[in-house]
Amino acid sequence: QVQLVESGGGSVQAGGSLRLSCEASGFTVSTYSMGWFRQAPGKEREGVAAIYAGTGSTYYVWSVKGRFTISRDNAKNTLYLQMNNLKPEDTAMYYCAADLEGRVIAGMYEADFGYWGQGTLVTVSS
């Protein structure tokens with residue numbers, strides 16, 4: 001059974017850091033494309049960062065480039081999102097997602113990711 005469980009969210013002041021974790025079960029994280037999405041209050045969900053199957057190349061939305069880093073630990077079967085220099089506009093519910101059907105080619109289209117975690121809340125105060 002495929003399961004994604006996020007953790008690591010919390011409240012932090014602007015300029016601070018957090019590391020989100022997504023523990024996967026039922027599949028191997030290194031084999032499939034995975035990503036982090038976020039949804040702020042009153043806004044649509046957006047793709048933040050992705051790591052692609054095979055090459056392990058990464059994608060970041062422009063607003064987090066240079067501040068966020070996506071990575072995976074194959075031994076722990078866990079996906080991470082290291083978030084540095086956090087800004088109030090980063091406040092959102094963050095979701096881990098996986099594409100087990102091989103739909104992702106490039107970018108981050110929500111419809112390509114068929115499996116989702118329950119989310120972890122990140123709040124950044126100014």
Side-chain angles (χ1 to χ4, degrees):
Q1 182 179 356
V2 173
Q3 194 171 14
L4 299 170
V5 180
E6 301 102 329
S7 62
S11 297
V12 64
Q13 289 191 328
S17 298
L18 286 173
R19 188 177 79 157
L20 306 184
S21 300
C22 173
E23 187 173 350
S25 56
F27 72 100
T28 304
V29 297
S30 60
T31 306
Y32 301 97
S33 296
M34 297 188 70
W36 288 96
F37 289 77
R38 67 185 179 186
Q39 187 167 22
K43 295 187 177 180
E44 293 186 354
R45 189 153 56 183
E46 68 167 347
V48 176
I51 185 165
Y52 300 121
T55 63
S57 59
T58 56
Y59 163 91
Y60 297 94
V61 69
W62 67 270
S63 58
V64 307
K65 281 185 178 179
R67 301 188 298 121
F68 290 12
T69 303
I70 188 171
S71 64
R72 58 193 177 197
D73 184 326
N74 296 337
K76 295 182 178 180
N77 212 37
T78 298
L79 181 75
Y80 298 101
L81 184 68
Q82 177 66 45
M83 306 186 296
N84 298 328
N85 190 22
L86 282 160
K87 303 177 180 181
E89 51 263 41
D90 294 318
T91 295
M93 186 71 80
Y94 283 72
Y95 299 91
C96 169
D99 167 32
L100 304 190
E101 284 76 35
R103 295 175 179 171
V104 175
I105 299 176
M108 290 190 72
Y109 296 99
E110 192 172 330
D112 289 340
F113 293 83
Y115 294 86
W116 295 79
Q118 82 290 349
T120 186
L121 181 63
V122 172
T123 303
V124 185
S125 58
S126 57

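This is a predicted model, so every value here is computed, not measured. Counting begins at 1 with the first residue of the sequence.
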task: State whether the side chain of Tyr32 and the backbone N or O of Glu101 hold a donor-acceptor pair below 3.5 Å, judged by distance alone.
output: no

Is any side-chain heavy atom of [Y] closer than 4.5 Å to one of [X]?
X	Y	answer
Tyr60	Met108	no
Tyr115	Met34	no
Gln39	Glu46	no

query: Where is the tightest heavy-atom contact between Thr31 and Ala53, given as atom of each residue plus distance?
result: O-CB, 3.3 Å

- prompt: Taking all atoms of both residues into account, what is the closest heavy-atom pair of Val12 and Gly16, and its distance?
  reply: CG2-CA, 3.7 Å

Can I get a per-line list of side-chain donor-acceptor pairs under 3.5 Å for residues 79-92, giving both atom names and the distance, sequence neighbours left out?
unit_1, atom_1, unit_2, atom_2, d
Gln82, NE2, Asn84, OD1, 2.9
Asn84, OD1, Ser17, OG, 3.0
Asp90, OD1, Arg38, NH1, 2.9
Asp90, OD1, Arg67, NH2, 3.0
Asp90, OD2, Arg67, NH1, 2.7
Asp90, OD2, Arg67, NH2, 3.4
Asp90, OD2, Lys87, N, 2.8
Thr91, OG1, Pro88, O, 2.9
Thr91, OG1, Val124, N, 2.9
Thr91, OG1, Val124, O, 3.3

If you round to the nearest 0.5 Å, how far is [atom2] of [Y] from [atom1] of [X]?
X	Y	atom1	atom2	value
Ser25	Asn77	OG	CG	8.0 Å
Tyr94	Thr120	OH	OG1	10.5 Å
Glu6	Cys22	CD	SG	5.5 Å
Asp99	Tyr109	CG	OH	13.5 Å
Glu23	Asp73	CD	CG	10.5 Å

- prompt: Parallel, tilted or perpendicular: which fits the ring planes of Phe37 and Phe113, with parallel below 30° and perpendicular above 60°?
  reply: perpendicular

- request: Could you tell me whether Phe68 and Trp36 have their ring centroids closer than 6.0 angstrom?
  value: no

query: Is there a chain of hydrophobic side chains (I, L, V, M, F, W, Y, each step under 4.5 Å between heavy atoms) that links Val5 to Tyr95?
result: no

